[in-house]
Peer 1: 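Okay, handing you the structure first.
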Amino acid sequence: MAQQTPVGRVEPVWREWMERWPTPAALAAATPGDVVRAWGRLGYPRRALRLREAAVVVVERHGGELPPDEEALRALPGVGTYTAAAVAAFAFGRRSVVVDTNVRRVLARAVEGRALASPSLTAAETRLAASLVPDDPATSAVWNVAVMELGALVCRARTPECGACPLADVCAWVAAGSPPDDGPPRRGQAWHGTDRQVRGALVQVLREGEHPVPRPLLEDEVLTRLGLDARQHAAQVERCLASLVEDGLVEPVPGPVGPDGPDGPDGPGGEAFRLPA
DNA sequence: GAGACGTGGCA
DNA sequence: TTGCCAAGTCT
């Protein structure tokens, strides 16, 4: 849940989630629609599907208990290098190299003297992080969480609190006078009218209602909510809806066949959509 | 390896 | 207000 999402926003959803599905077996028994709905507005709802899929794999291949080694964790849907390392360290006390956005920023500043880490994780950063993690497993886990928390709470991206930082005395960035980022300007993600926005709105509409929504209603609702011109964006909404079905986030159901038959007012293609059962 | 993939809060 | 950014992963 916390992947690319501030922990403070995750916490309430996480609490409800864990109460409803306390074990992998419980989560594995949920439907995709259940988890997408419970995911709420955390964003990237495919993470909800993957989390459920991971629970299924845990039940089928690991006896219902999370495996402790990084390789097995990494094999679970939605679990990448960072998450596998974090779980191995924080849940199982294993020695691992946890490199998240916070760790990357702390090392970029303290060691390399730069204001921000590069846009994407490099092999050199991973090597640097690995070289700093203590050998002893228990100590390494403390190191990993400490560097992460330092980045999250003190060595923040936009408002670092160097006056409260335990590394200030040895920080290369502070020593250099805290120079601004020298990299190329970061590309802000366009949003209005993007597929991302349209997909989000489609899922949002379906999450709000309990019943399948006929295609025309669904598409009109999304266009209206986003303030998009139907003539310009109708095809886009169609395409996004298809992509959501492809992703397993949305399920088509046959529309009611009226007195005019399947090719009546709602047809052809007069089906409805819902979150997957 | 670049690009896709949501959402909301804060400066 | 606009833009940045958040415990990344997958293709």
Side-chain angles (χ1 to χ4, degrees), chain A residues 1-14 35-37 39-54 70 73-91 96-108 115-123 125-126 129 141 143-161 180-181 183-208 222 225-226 236 239-240 242-244 246-250:
Chain A
M1 285 179 175
Q3 292 166 357
Q4 291 284 283
T5 308
V7 173
R9 195 143 61 81
V10 164
E11 197 210 315
V13 179
W14 176 79
V35 297
V36 169
R37 204 178 293 276
W39 196 256
R41 305 181 61 92
L42 286 182
Y44 297 137
R46 287 187 294 191
R47 293 182 296 168
L49 298 182
R50 294 189 185 124
L51 186 51
R52 180 190 156 280
E53 289 161 14
E70 279 186 80
L73 289 165
R74 180 69 183 72
L76 299 172
V79 177
T81 305
Y82 157 73
T83 302
V87 172
F90 306 145
S96 68
V97 180
V98 177
V99 184
D100 77 329
T101 189
N102 295 300
V103 172
R104 295 186 61 219
R105 186 174 52 254
V106 169
L107 299 187
L116 296 173
S118 57
S120 56
L121 178 63
T122 65
E125 282 181 273
T126 300
W143 169 271
N144 280 320
V145 73
V147 178
M148 267 182 74
E149 289 297 293
L150 186 66
L153 303 177
V154 177
C155 192
R156 295 181 297 249
R158 282 191 277 181
T159 56
E161 218 168 320
D181 181 40
R186 313 217 154 187
R187 312 289 304 174
Q189 313 161 337
W191 180 244
H192 184 73
T194 61
D195 284 4
R196 243 162 152 169
Q197 187 192 27
V198 170
R199 284 170 54 102
L202 284 164
V203 172
Q204 198 171 314
V205 169
L206 297 181
R207 204 168 42 220
E208 290 167 1
V222 164
R225 288 192 188 199
L226 302 183
Q236 180 190 18
R239 180 164 41 75
C240 286
S243 76
L244 289 168
E246 187 68 21
D247 289 345
L249 282 164
V250 171

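Here is the naming used below: chain letters follow the sequence lines, and residue numbers restart at 1 for every chain.
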Peer 1: First locate atom CG of A:Asp100, then atom OG1 of A:Thr81, and finally report the distance between them rounded to the nearest 0.5 Å.
Peer 2: 12.5 Å

Peer 1: Ignoring hydrogens and angles, tell me if any N or O in the side chain of A:Gln236 forms a donor-acceptor pair with the backbone of A:Gly193 under 3.5 Å.
Peer 2: yes

Peer 1: Ignoring hydrogens and geometry, is there a side-chain-to-backbone donor-acceptor pair from A:Gln3 to A:Arg47 under 3.5 Å?
Peer 2: no

Peer 1: Please report the distance separating the P of C:dT9 from the corresponding atom of B:dG8, rounded so that it comes out in whole Å.
Peer 2: 22 Å

Peer 1: Of A:Val79 and A:Ala2, whose nearest nucleotide on DNA chain C comes first from the 5' end?
Peer 2: A:Ala2

Peer 1: How is A:Leu121 classified with respect to the nucleic acid when contacts are heavy atoms under 4.0 Å: base, sugar-phosphate, or nothing?
Peer 2: nothing

Peer 1: Roughly, in whole Å, what's the span from CH2 in A:Trp191 to P in B:dG6?
Peer 2: 8 Å

Peer 1: Establish, with yes or no, whether the OP1 or OP2 oxygen of B:dC5 is under 4.0 angstrom from a side-chain nitrogen or oxygen of A:Arg47.
Peer 2: no

Peer 1: Looking for any heavy atom pair under 4.0 Å, which part of the strands does A:Arg239 touch: base, sugar-phosphate only, or nothing?
Peer 2: nothing

Peer 1: Once rounded to the nearest 0.5 Å, what's the spacing between atom CZ of A:Arg196 and atom OH of A:Tyr44?
Peer 2: 4.0 Å

Peer 1: With a 4.0 Å cut-off on heavy atoms, is A:Arg104 in touch with a base, just the backbone sugar-phosphate, or nothing at all?
Peer 2: nothing

Peer 1: Counting just side-chain N and O atoms, does A:Thr101 come under 4.0 Å of either OP1 or OP2 of C:dA6?
Peer 2: yes

Peer 1: Would you call A:Arg9 and A:Arg41 a side-chain contact if the rule is heavy atoms closer than 4.5 Å?
Peer 2: no

Peer 1: Would you call A:Thr5 and A:Met1 a side-chain contact if the rule is heavy atoms closer than 4.5 Å?
Peer 2: no

Peer 1: Is the shortest heavy-atom distance from the side chain of A:Arg104 to the side chain of A:Ser118 under 4.5 Å?
Peer 2: yes

Peer 1: Return the residues of residues 3-12 of chain A meeting this criterion: a heavy atom under 4.0 Å from some atom of DNA chain B. Order them by number, or give none.
Peer 2: A:Gln4, A:Thr5, A:Arg9

Peer 1: List in numerical order all residues of residues 146-159 of chain A for which some heavy atom is under 4.0 Å away from an atom belonging to DNA chain C.
Peer 2: A:Met148, A:Glu149, A:Ala157, A:Arg158

Peer 1: Considering heavy-atom distances to DNA chain B, does A:Ser120 or A:Gln197 have its closest nucleotide positioned more toward the 5' end?
Peer 2: A:Ser120

Peer 1: Looking only at atom P, what distance separates C:dA7 and B:dC5, rounded to whole Å?
Peer 2: 23 Å

